[in-house]
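Letters A, B, ... mirror the listed sequences (proteins, then strands); counts begin at 1.
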2 protein chains.
Amino acid sequence: MRTRGEATRERILAAAEECFARQGYEATSVAEICQQAGVSKGAFFHHFPTKQEVFLELLERWLADLGENLAALRARARNVPEGLMWMAETAQQVFEMARGKLPIFLEFLSRAARDPRVWQASISPYRRYRAFFTGMIEAGIAEGSLRRVDPEAAANAFLSMAIGLVLQATVDPDGANWGAIAQESVRLFLEGVQQGQAP
Amino acid sequence: MRTRGEATRERILAAAEECFARQGYEATSVAEICQQAGVSKGAFFHHFPTKQEVFLELLERWLADLGENLAALRARARNVPEGLMWMAETAQQVFEMARGKLPIFLEFLSRAARDPRVWQASISPYRRYRAFFTGMIEAGIAEGSLRRVDPEAAANAFLSMAIGLVLQATVDPDGANWGAIAQESVRLFLEGVQQGQAP
DNA sequence: TATTTCATACCGACCGGTCGGTATGATTGT
DNA sequence: ACAATCATACCGACCGGTCGGTATGAAATA
């Protein structure tokens, strides 16, 4: 954080993230963000042309972060099933840590379905994730740890499960132990596709 | 639709549903709904105390409808795997038909995560769905068509998959043939849990 | 070094417009 | 007549974004 300006920028982003998480995008006014950041409205619009731009920058950071975490987990795993299980275990921590932060995820999606700018910002990382998982399944088949399933179909099923889990954990965080359920689900999934595991 | 009042009420609900689907809840003004319904603001607030109440009534209808459809499919199926596959096939049609209507689903969820009233209205049907699928898996095990998996875990995995699919189809409807993917995913799931199907 | 210059960072009052909801009275059906 | 139904006009709050102007501090000039 070299210059004074950059520090202010970061404060605005952090404040916006908190407000969005607490109240949602629409319900959060620019004035509120400014107050939370201890900054004037003038400063806000000096650093960002619109409220939406703040939102988009947060979105980009979040998705990039997620992508890096997934890639790191895969790289560290000794084989594909292990990598997938690690991801499920990580989900446990994510659910616990993020809690109040998760609803932004929904807000992102809800807006992405309508706002072309948001859509474009979310959809290309998302498609990379799909490709990423397809690649993982293919690698699993190649290394002999997975059955010869259709990689795309399996990746889709896995990704759907992951998305569904996150969503449920977001809406009903106290309804179940979602971290444990994530692990159970992935285990079940692996039992279906793993080599020499079928009973 | 006996009285004149009921007809107006329905027109307001239909108009609201369309507006919400097209623009989202927040972005839809009461005036817009009234115009679309060919009704005055006075009529609107005569039939509904607040805008949110309209939203909630739509939500209730939608969830009740979904529940009925699921129960009907299960009742007609000759065994559990067949029932699950039928649901996947139905998803195909739902995706094609609903298209523009699906984003309301996201709006529902997004609001449910924050608005206690909406949350309560969505969460109890949702928990019924979970119980419903758990019951199905148990029945499948009892009838011998499914392996002795943990019913709750399997139901969770299946429901997660379903939710994830709907969500992806909502956000990226042209990104893939979601109906086909739904069938493929369920098939994959069944291969994992079905009796005597493991290769 | 002392002074001028100037870009960047920031302030906060303000504007045009929108929105959810209300007040009041007309119309309709019984 | 009288209750249910609907229309019109209106209110007060709020919001995203603008704008004229001020502070800060580094580079240029003398």
Legend entry - Crowding at CD, A/Glu89 (>12 non-hydrogen neighbours, <6.0 Å): yes
Inset, instruction - Look at B/Thr8 and D/dC6 and indicate whether a side-chain polar atom (N or O) is within less than 4.0 Å of OP1 or OP2. - result: yes
Inset, instruction - Inspect the surroundings of CD in B/Gln120 and state if more than 12 heavy atoms from other residues, nucleotides or ligands are less than 6.0 Å away. - result: no
Legend entry - Position toward the 5' end of DNA chain C (nearest nucleotide), B/Glu26 or A/Gly38: A/Gly38
Legend entry - Residues B/Glu26, B/Lys51: salt bridge by 4.0 Å N-O rule: no
Legend entry - Presence of B/His47 side-chain N/O under 4.0 Å of D/dC6 phosphate oxygens OP1/OP2: yes
Inset, instruction - Could you say whether A/Phe45 or B/Ser40 is positioned toward the 5' end of DNA chain D, judged by the nucleotide with the nearest heavy atom to each? - result: B/Ser40
Legend entry - Nearest-angstrom distance from the residue atom CD of A/Gln35 to C1' of C/dG12: 14 Å
Inset, instruction - Might you confirm whether atom CZ of A/Arg127 has over 12 heavy atoms from other residues, nucleotides or ligands at distances under 6.0 Å? - result: yes
Inset, instruction - Starting from the 5' end of DNA chain D, give me the residue, A/Gly42 or A/Glu32, whose nearest nucleotide shows up first. - result: A/Glu32
Inset, instruction - Write down the distance between NZ (A/Lys41) and P (C/dC14), rounded to a whole number of angstrom. - result: 13 Å
Legend entry - Phosphate OP1/OP2 of D/dT5 contacted by B/His46 side-chain N/O (<4.0 Å): yes
Legend entry - Near-strand residues of residues 48-61 of chain A, defined as heavy-atom separation under 4.0 angstrom from DNA chain D: A/Thr50, A/Lys51
Inset, instruction - For a side chain to side chain contact (heavy atoms under 4.5 Å, CB included) with A/Val118, tell me which candidate from A/Tyr25, A/Phe55, A/Phe108 qualifies. - result: A/Phe55
Inset, instruction - For the residue pair A/Ser145 and A/Glu143, confirm or rule out a side-chain donor-acceptor distance under 3.5 Å. - result: yes
Legend entry - Gap between atoms CD1 and P, on A/Ile33 and D/dC15 respectively (whole Å): 11 Å
